[in-house]
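In what follows, a structure is listed as structure tokens, so that the remarks can point back to it.
Since the structure is predicted, the reported quantities are computational estimates derived from the model, not experimental observations.
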There are 2 protein chains.
Amino acid sequence: MAEAAGVSQSTVSRALSGDPIVAEATRNRILDIARSLNYHIDAAASRTRSGRIETIAVVMVCPEHEDVRVLNPFHYGLLAAICSAASQRGLETIVSFQGARDRLKDSYEQGRRAMGIIVIGTSENHTAWNFFRNSAQNGTHIVCWGAPYDDLDWVRADNHAGAALAVEHLLAQGYKSIAYVGDNNCPQRQFAERYAGYVTAMEQAGKTPRLIEVAPGLSRHEQGRRAAQALLASGQAFNAIFAACDDLALGAMAVLEERGLSVPGDVGVVGFDGVRSGAIAVTPLSTIEPDFAAAGEVLVERMLASVAGEVAPRRRVPVSLVVRESSAAAAPQKATAA
Amino acid sequence: MAEAAGVSQSTVSRALSGDPIVAEATRNRILDIARSLNYHIDAAASRTRSGRIETIAVVMVCPEHEDVRVLNPFHYGLLAAICSAASQRGLETIVSFQGARDRLKDSYEQGRRAMGIIVIGTSENHTAWNFFRNSAQNGTHIVCWGAPYDDLDWVRADNHAGAALAVEHLLAQGYKSIAYVGDNNCPQRQFAERYAGYVTAMEQAGKTPRLIEVAPGLSRHEQGRRAAQALLASGQAFNAIFAACDDLALGAMAVLEERGLSVPGDVGVVGFDGVRSGAIAVTPLSTIEPDFAAAGEVLVERMLASVAGEVAPRRRVPVSLVVRESSAAAAPQKATAA
DNA sequence: CTGAAAGCGCTTACAG
DNA sequence: CTGAAAGCGCTTACAG
């Protein structure tokens with residue numbers, strides 16, 4: 001390559017790395033030749049010499065049994081957003097799906113494969129999250145979404161604002177008796193935040209919050225089904241559900257419809273996450289959707305800051321209300337279902 | 001590290017790479033010290049010297065506008081399976097989402113970042129697929145799933161057998177008049193294969209195949225809706241639908257239910273892909289599901305073979321029938337809907 | 001602005 | 001079985 005261009009190896013290196021010190025004519029000539037030869041810098045050698053690593057490891061935390069189906073479209077959307085945000089900044093992403101406790105791996109940074117690790121995925125694999133918490137304490141650069149702990153460097157949706165958006169929307173649509181379906185004592189910090197946001201918004205509107213706690217250990221969809229059954233069995237009037245996530249909302253909605261209640265009309269429903277199956281449900285689900293692109297950017301931004309020894313200012317990702325059919329106006333005659 | 005163990009750098013290198021020539025006692029001592037020092041081999045230097053690259057690039061082909069939502073859970077399941085299969089073999093995966101024509105990138109191999117590229121994703125971005133077809137012709141190692149061409153090194157589900165499974169199942173459940181909903185002239189080779197499998201199975205059963213072609217340019221869900229509307233409008237009797245993919249099936253099912261037809265009973269429905277939203281639909285969808293783990297393994301296997309200058313024997317991934325509610329037995333009285 | 005030379009942390013013949 | 005030494009393809013002070 002150097003001899004094809006008639007310059008030294010040093011100059012080729014400088015031209016290809018975009019060093020402005022090389023004469024523009026020289027640089028362009030080298031760039032042209034590189035293109036025609038389909039020559040690219042050897043990334044391994046470049047890293048070895050410079051010590052710079054332009055790669056981020058992304059770990060998707062799976063359940064211990066490694067059945068990836070537990071990961072919902074939300075996690076995948078986040079993964080795509082992270083890879084895209086990294087790519088925009090010229091960074092590469094090494095992706096792994098980790099679940100089984102004997103296959104957990106955090107040595108990307110030690111092995112100079114990546115500058116640090118972005119950890120996302122299910123909050124329910126405590127072993128895995130503990131493992132990465134430990135890595136962070138040992139100095140590995142880790143930024144995460146969905147951690148069951150607050151002491152990792154985290155990024156989260158603006159859950160409080162999102163919950164308020166949902167409550168205000170349901171009230172404006174004529175639903176005055178809104179129950180919250182979700183886990184309150186679960187490891188997912190964001191669920192607690194959504195519940196807190198719901199309580200605040202309800203109280204500001206002079207309404208009494210009502211929590212339908214879900215049973216642990218089941219799929220979100222099944223938890224949603226049981227919550228709706230419990231709500232109906234309670235005999236107390238309600239005419240709307242705000243669920244901590246879309247899968248809970250879809251499960252609840254299925255039961256309501258099986259019991260002959262109309263969604264919307266008899267009951268209004270709003271979920272949280274913006275998953276695709278909500279959009280194509282028989283009754284399309286209104287939801288609070290985080291800005292995925294922003295989520296990817298903020299995660300990458302914090303990683304870069306962390307590696308540079310700084311702390312990035314942003315850690316909350318904005319959310320917006322996506323209005324679909326499940327929260328269309330309440331039926332005026334029967335404003336409460338039993 | 002070498003001095004901590006009191007041996008030469010060479011011996012450390014050999015011990016850490018598992019070279020059986022080093023004395024077991026020496027190796028174990030070095031391994032212990034490495035663990036206690038949290039020392040890992042510098043992957044960049046190792047690659048530079050040895051020339052071995054234990055990394056595969058995985059490209060998810062997105063639409064040109066890069067809205068990742070078009071990628072369905074099937075593609076993500078495949079991605080997870082590839083990453084897991086690679087990891088089982090000690091390989092790393094660099095993942096990127098590529099759509100916009102001016103951001104297409106195939107230089108992983110030239111830049112010594114990866115041994116080759118596994119390309120998956122939506123078949124609809126012709127620019128992207130052409131780009132990678134071109135890369136393959138220029139010598140880049142490429143293995144793919146979902147390519148609109150046959151001349152790339154591909155891996156696909158056993159679509160023919162899957163379609164036969166679906167038809168036989170519907171017939172056994174008492175559905176005698178089965179329409180096929182799908183694209184026949186579309187770029188996805190697998191759709192053509194599924195249709196061919198359907199035709200063969202129908203003819204073997206002495207039934208007349210019937211194709212409801214879907215309108216291009218819409219989401220699969222909307223295509224499914226319109227296909228069901230067209231089917232109903234045709235006035236010709238049918239009592240089952242085998243759809244080329246789950247999203248089509250779900251769209252069709254939504255229309256059938258809106259029109260007051262019962263699924264199952266009046267109409268039986270089977271899809272293809274095994275996506276999650278089918279499992280949690282109001283009427284859970286029977287489907288033909290490829291073995292995801294096998295898909296990941298076969299893709300990685302072919303990549304490794306290709307790099308070694310060989311051709312791996314396997315390229316078809318087995319499928320199985322997942323029976324859910326949408327294909328429960330036909331209603332005996334009214335065995336055909338209008 | 002460009003080149004000659006040192007050196008990143010490994011691996012690997014070669015010698016013992 | 002182990003060590004001394006060369007060298008992978010880059011980047012980067014340093015000199016001009």
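Sorted by first and then second residue, the salt bridge (Lys or Arg N to Asp or Glu O under 4.0 Å) pairs with a member in residues 38-58 of chain B read R112(A)-D42(B); sequence neighbours excluded.
The side-chain hydrogen bond (donor to acceptor under 3.5 Å, both in side chains) search around S96(A) returns Q98(A), Y108(A), not counting sequence neighbours. Considering only residues two or more places apart in sequence or on other chains, R315(A) meets the side chain to side chain contact (heavy atoms under 4.5 Å, CB included) condition with D153(A), W154(A), R302(A). Not counting sequence neighbours, the partners of D151(B) by the side chain to side chain contact (heavy atoms under 4.5 Å, CB included) test are R133(B), Q137(B), Y149(B). Contacts of R314(B) classified as side chain to side chain contact (heavy atoms under 4.5 Å, CB included), with partners at least two apart in sequence or in another chain: E297(B), V298(B), E301(B).
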List, one per line, each side-chain donor-acceptor pair under 3.5 Å for residues 305-313 of chain A, sequence neighbours excluded.
none

Side chains of residues 14-22 of chain A: which donor-acceptor pairs under 3.5 Å do they make with residues two or more places apart or in other chains?
residue, atom, partner, partner atom, Å
S17(A), OG, S13(A), O, 3.3
S17(A), OG, R14(A), O, 3.2
D19(A), OD1, I21(A), N, 3.0

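Counting to the nearest Å, the P atom of dG3(D) and the CD1 atom of I21(B) are 13 Å from each other. Here the P atom of nucleotide dC1(C) and the CD atom of E24(A) are 10 Å apart, to the nearest Å.
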Check: Can R29(B) and D32(B) be said to form a salt bridge (charged side-chain N to carboxylate O under 4.0 Å, His left out), step by step?
Finding: CA-CA 5 Å; R29(B) 188 160 46 84; D32(B) 281 349; over 6 Å; no
Notebook entry, point to check: Where along nucleotides 6-11 of chain C does protein come under 4.0 Å, by heavy atom, of base (B) or sugar-phosphate alone (S), with - for untouched nucleotides?
Noted result: BBBBBB
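Rounded to whole Å, the P atom of dT2(C) lies 23 Å from the corresponding atom of dA6(C). One C1' atom belongs to dG16(D), the other to dT12(D), and the distance between them is 16 Å to the nearest Å.
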Check: Pairing of DNA chain C as dot-bracket, 5' to 3': ( ) intra-strand, [ ] crossing, | other strand, . unpaired, with Watson-Crick or G-U pairs under 3.5 Å?
Finding: |||.||||||||.|||
